[in-house]
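Quick caveat: nothing in here was measured; it's all calculated off a predicted structure. Below, chains carry the letters A, B, ... as their sequence lines are ordered, and counting in each starts from 1.
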2 protein chains.
Amino acid sequence: MEKSVTLARVAREAGVSASTVSRILNGTANVRDEKKEAVERVLARLNYRPNVLARSLASGRTMSVGVLTQDISSPFYGDTLRGIEQGLSGSGYHPIFTSGHWQAQEELEAVDLLLARKVDALIVLGGVLPDEKLREVAAKVPLVALGRSVPDLESQCLRLDNFKGAYLATQHLVELGHRAIAHIMGVPSHRDAQDRLAGYKAALADARVEFDPDLVREGDFMEASGFLAATRLVEGLRTFSAIFVANDQMAYGARLALFRKGLRVPEDVSIVGFDDLPSSSFTTPPLTTVAQPTYDIGLASAECVLRLLNGEEAALPPLDVQLVVRESTTRRRS
Amino acid sequence: MEKSVTLARVAREAGVSASTVSRILNGTANVRDEKKEAVERVLARLNYRPNVLARSLASGRTMSVGVLTQDISSPFYGDTLRGIEQGLSGSGYHPIFTSGHWQAQEELEAVDLLLARKVDALIVLGGVLPDEKLREVAAKVPLVALGRSVPDLESQCLRLDNFKGAYLATQHLVELGHRAIAHIMGVPSHRDAQDRLAGYKAALADARVEFDPDLVREGDFMEASGFLAATRLVEGLRTFSAIFVANDQMAYGARLALFRKGLRVPEDVSIVGFDDLPSSSFTTPPLTTVAQPTYDIGLASAECVLRLLNGEEAALPPLDVQLVVRESTTRRRS
DNA sequence: TTGTAGGCGTTATCAA
DNA sequence: TTGATAACGCCTACAA
């Protein structure tokens, strides 16, 4: 381990005190030009790199923002993470990503780890941590939570309108003439899944279509569960001409199940997904789905965190979901 | 900012010196049982959390491993990252993920950031950093590079046999009776793309099929480029009954292009991809592709890093690619 | 077995 | 505008 260049050494070689070097480095105070230049020369010559640890220990700030995702490599979070990176870039703060895998225990450990690493702020994406814990964390460090709405912390939470998205999706199918519309929902205990189910029901009700529980199947947001659910639907007693699937990944699975059953999409069955994953415009046929402005969400949360860090008030812009009509839906054959 | 509980305070309240507490915490030396218990009681009562920064500054180790990916949210890296997490878990070391987005400049900054954060070791996934830079980094900190083979650093590098994978894929098509086999390659300057092209050519040669440059199109590893390349192929003068695509994402695009052109997969055109992304078993039809043991790669690299950290020699197990035959390929219609 | 003292590399405070 | 000097919180000889 070669000794790294320390500030003290720079100071010595430049013939000034360490404090002066520090001031130049941080722009904390004015320094006479000649000294400044001398120091900067030494800085360059020695290729000085400040020690982040020491700096953080002394200053109490690490210039890092913890980001707790559920699955760091899930396509669903991809754009959001990019948005966060972008929103933070140039601010001096850097994101540190961790994942909780939808397990409260893992999330807890991840948050503790982040706090132990003294992140200056935290962005939480979804997850199953109890509200209480989030409030507790928020008391210690600026916090922004996406996909959640924690009582007493609303201004720092951003939830998408899942109800509306589901409503739009279902309404789209209704407008195409479909009546028997199945639904493959997500994990029932999951708030998003509940809201999407509610939106689906509401749209049916508004169209005077009777809700049929036999046309609803549970999944777990993964492809395989969508496959299974759709298979069951096809094999069930009820017939249907369209499915609203609670997310794109399950929609992929459902689409394959229909393919296996010899049912064409969209001629025989129309499918609508939710999330608009990057690959959804490349499925065959391209998937009609509900798009969330995931990148903007990331961007907005990063900006909000910076505001909080800056002592300003939280501010999350309203972001809306949107139906993207592609080729997996068509008018019901009469 | 509530004052956090310091080791000094614990020592005071337990009536011992700070060193003693430190020893108990780290198991550095034996401590009389009664004191030990007393201290542990205080530790628990105060809910003491060591300050990682201070600890790192003093000990010179941060117990973290930097992981440089190209796209933190790419499905391609997902399993590998999980493997790394798993391989590191329980060791006391934690991964810190960053992404370079295939831009040398960004990668440089990312590595510098990681080094500035004093990671104890580094895992580099692919990327375009010059070998020289990697050697430079390796001189400072234990390094493992995946998807690269840096001269003088071979023992710490793990590359998959792209040539073999491409050969297997093409051979599979040949065995199905295909002769006019097109290829959609990746970024030509990319080593993986070159090797896959070479494997494709070799398999053709071994099967006494003449190589036809007009049946090869360039892409950039993304879906859209696969779409474009396949479209061009179809519109080109040459006819073909199969395509070997250099990665799954482009294969998705190609598959859609064929769909748009009214060509069926696999009846009219067989497709083989490369990577076996999680969603490739759910495309319609499920994609025949070359699987890399990505999870194991991550696991192995984490274990290798731990060995290096432990002063042992690097050791990366041989890992092999494998053809996964699904439904996007079929015997050529005679 | 235990405590003291010094150091890790910066920043922050206070005089000068 | 500058420089000592003291934190920051912990680890580690070294001495007892």
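- For A:Glu136, the salt bridge (Lys or Arg N to Asp or Glu O under 4.0 Å) partners are A:Lys133, not counting sequence neighbours.
- The existence of a salt bridge linking B:Asp131 and B:Arg148 is confirmed by a sub-4.0 Å separation between a basic side-chain nitrogen and an acidic carboxylate oxygen.
- Atom pair A:Ile24:CD1 and C:dA12:P shows a separation of 16 Å (rounding to whole Å applied).
- A:Asp220 meets the salt bridge (Lys or Arg N to Asp or Glu O under 4.0 Å) test with no other residue; sequence neighbours excluded.
- Annotation: the terminal axes of the helix from C:dT1-D:dA16 to C:dA16-D:dT1 meet at 40°, where each axis is the rotation carrying the C1' atoms of four end pairs onto the next four (5 pairs per end, rounded to 10°).
- By the ring-ring contact (aromatic ring centres under 6.0 Å, His included) test, B:Tyr77 is found to be paired with no residue, residues two or more places apart in sequence or in another chain being considered.
- In this structure, CD of A:Glu34 is placed 11 Å from C1' of D:dT1, rounded to the nearest angstrom.
- As judged by a 4.0 angstrom heavy-atom cut-off over every strand, B:Arg61 is placed among residues making no nucleic acid contact.
- Atom CG of A:Leu46 is separated from atom C1' of C:dG9 by 15 Å (rounded to the nearest Å).
- What separates CG of B:Leu53 from C1' of C:dT11 is a distance of 14 Å, to the nearest Å.
- In this structure, A:Asn30 places its CG atom 9 Å from P of D:dT2, rounding to the nearest Å.
- Between the CZ atom of A:Arg12 and the P atom of D:dA4 there is a distance of 13 Å, given to the nearest Å.
- Distances shorter than 4.0 Å separate some side-chain N or O of B:Lys35 from OP1 or OP2 on C:dG3.
- Partners of A:Glu34 by salt bridge (Lys or Arg N to Asp or Glu O under 4.0 Å), not counting sequence neighbours: none found.
- Nearest to the side-chain atoms of B:Thr6 among the listed nucleotides D:dA4, D:dC10, C:dT10 stands D:dC10.
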Under 4.0 Å protein heavy-atom contacts per nucleotide of nucleotides 11-16 of chain D, with B for base, S for backbone only and - for none:
SBB---
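- Within 6.0 Å of CD on A:Glu313 lie no more than 12 heavy atoms contributed by other residues, nucleotides or ligands.
- Both B:Gly15 and B:Leu57 sit near DNA chain C, but only B:Gly15 has its closest nucleotide nearer the 5' end.
- Judged as a ring-ring contact (aromatic ring centres under 6.0 Å, His included), and not counting sequence neighbours, B:His94 has no contacts.
- Evaluation of the side chain to side chain donor-acceptor pair (under 3.5 Å) rule for B:Arg191 yields B:Asp195 as partners, not counting sequence neighbours.
- For B:Arg82, the salt bridge (Lys or Arg N to Asp or Glu O under 4.0 Å) criterion is met by A:Asp71, B:Asp79, not counting sequence neighbours.
- One finds a side-chain N or O of B:Thr20 lying less than 4.0 angstrom from the OP1 or OP2 phosphate oxygen of C:dG3.
- In this structure, A:Met63 places its CE atom 16 Å from P of C:dT10, rounding to the nearest Å.
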